[in-house]
Amino acid sequence: MVNRMSFVTQSAMETRRLGEYLGRLMKAGDVVLLDGTLGAGKTTFVQGVARGLGVHGDVTSPTFTLVAEYAGRVPVAHMDLYRLQPSPGTGAALAEGDLAAIGMDDYLDGSHAVLVEWPGDLVETVADALHVEIVPRPLPHVDERELHCRASGARSWEILDEWVKEWLF
Ligand SMILES: Nc1ncnc2c1ncn2[C@@H]1O[C@H](COP(=O)(O)OP(=O)(O)OP(=O)(O)O)[C@@H](O)[C@H]1O
Ligand SMILES: [Mg+2]
């Protein structure tokens with residue numbers, strides 16, 4: 001079993017396809033945390049994951065509503081916590097009150113497959129999650145992305161392992 005893996009994609013379509021392979025093996029209770037700069041490709045990846053989870057229809061970033069729910073094979077919650085980020089450089093955590101207001105604990109209680117853009121310190125606080133950091137590649141490779149993935153617990157290790165096998169073989 002691996003707990004880290006990196007992928008390179010050559011296009012938005014390939015990032016969606018890679019996400020779709022992940023979504024196909026996700027269950028309720030699984031958590032994927034997505035880091036990367038503005039426009040890195042987090043939502044693009046989530047669109048593929050949602051498709052793999054059996055979600056039909058458009059998936060867009062819930063920038064203003066913070067959470068979008070979708071009905072897939074299992075209930076899916078897609079969050080974009082960009083607006084909740086503390087000022088850069090302060091090292092502060094996401095505010096407990098903000099997380100409570102969006103019902104984060106209820107989404108993390110095992111009832112949903114959870115996908116979080118801009119997770120901030122949830123990367124340290126969620127016990128078992130797959131962390132995916134999307135990194136654009138230097139010019140002139142404008143359509144290439146590196147996806148650095150790390151599993152932090154038993155279930156996310158299992159998902160990462162299966163995902164890698166499905167994608168590569
Ligand atoms: N290999 C690639 N993978 C993903 N997106 C790519 C790739 N190549 C080009 N793109 C483009 O990069 C953009 C990624 O936008 P997207 O909204 O997914 O980013 P984001 O990380 O969710 O940004 P934000 O932080 O604003 O939510 C899209 O326009 C997409 O078409
Ligand atoms: Mg986004």
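Indexing begins at 1, ligand by ligand and atom by atom, following the structure's order. Fair warning: this is a prediction, and the values are worked out from it, not measured in the lab.
- In the vicinity of T37, heavy-atom distances shorter than 4.0 Å reach the ligand 1 atoms 21 (O).
- Of the protein's heavy atoms, D143 O, 2.8 Å lies nearest to atom 1 (N) of ligand 1.
- In terms of polar-atom proximity, defined here as any N/O pair under 3.5 Å, Q10 makes no such contact with ligand 1.
- Grouping the Ile, Leu, Val, Met, Phe, Trp and Tyr side chains by contacts below 4.5 angstrom, directly or via other members, places V32 with Y70.
- Side chains of H148 and E146: a donor on one and an acceptor on the other come within 3.5 Å.
- Ligand 1 has no atom lying under 4.0 Å from any heavy atom of G36.
- Relative orientation of the F7 and W163 rings is tilted, given thresholds of 30° and 60° on the angle between their planes.
- Looking only at side-chain heavy atoms (C-beta outward), L22 and L130 come within less than 4.5 Å of each other.
- With the Mg ion (ligand 2) at the apex, S61 OG and E117 OE1 define an angle of roughly 90° (rounded to 10 degrees).
- If you check which protein heavy atom lies closest to atom 17 (O) of ligand 1, you get T43 CB, 3.8 Å.
- Put simply, part of W118 is less than 4.0 Å from ligand 1, judged by heavy atoms.
- Ranking protein heavy atoms by distance to atom 16 (P) of ligand 1, first place goes to T44 OG1, 3.7 Å.
- Enclosure of atom CD in E124 by more than 12 non-hydrogen atoms of other residues, nucleotides or ligands within 6.0 angstrom is indicated.
- Ion pair R17/E20 not flagged as a salt bridge, since none of the NZ, NE, NH1 or NH2 atoms sits closer than 4.0 Å to an Asp/Glu carboxylate oxygen.
- The salt bridge (Lys or Arg N to Asp or Glu O under 4.0 Å) test with R155 singles out one residue from D128, D161, D30, and that residue is D30.
- Of the listed options R145, E146, E144, M13, R145 places a heavy atom closest to atom 11 (C) of ligand 1.
- When hydrophobic clusters are built by joining Ile, Leu, Val, Met, Phe, Trp and Tyr residues whose side-chain heavy atoms come closer than 4.5 Å, directly or via intermediates, M13 is not grouped with L18.
- For atom 29 (O) of ligand 1, the nearest protein heavy atom is 4.0 Å or more away.
- Surrounding OH of Y82 are at most 12 heavy atoms belonging to other residues, nucleotides or ligands under 6.0 Å away.
- The shell of residues lying under 4.0 angstrom from ligand 1, judged by heavy atoms, excludes T63.
- K42 contributes no side-chain N or O that, together with a main-chain N or O of W118, makes up a donor-acceptor pair within less than 3.5 Å.
- Proximity of E117 to ligand 1, defined as any heavy-atom pair under 4.0 Å, is confined to the side chain (atoms from C-beta onward).
- For atom 7 (C) of ligand 1, the closest non-hydrogen atom of the protein is A12 N, 3.5 Å.
- When hydrogens are left out, the protein atom nearest atom 26 (O) of ligand 1 is L38 CD2, 3.5 Å; that is the closest non-hydrogen contact.
- For the Mg ion (ligand 2), the set of nearby N, O or S atoms under 2.8 Å includes none belonging to Y82.
- Protein heavy atom nearest atom 13 (C) of ligand 1, with residue, atom name and distance: G39 O, 3.7 Å.
- Atom 25 (O) of ligand 1 has as its closest protein heavy atom K42 NZ, 2.8 Å.
- The nearest heavy-atom contact from the protein to atom 3 (N) of ligand 1 is T15 OG1, 2.6 Å.
- Looking only at side-chain heavy atoms (C-beta outward), P62 and D80 come within less than 4.5 Å of each other.
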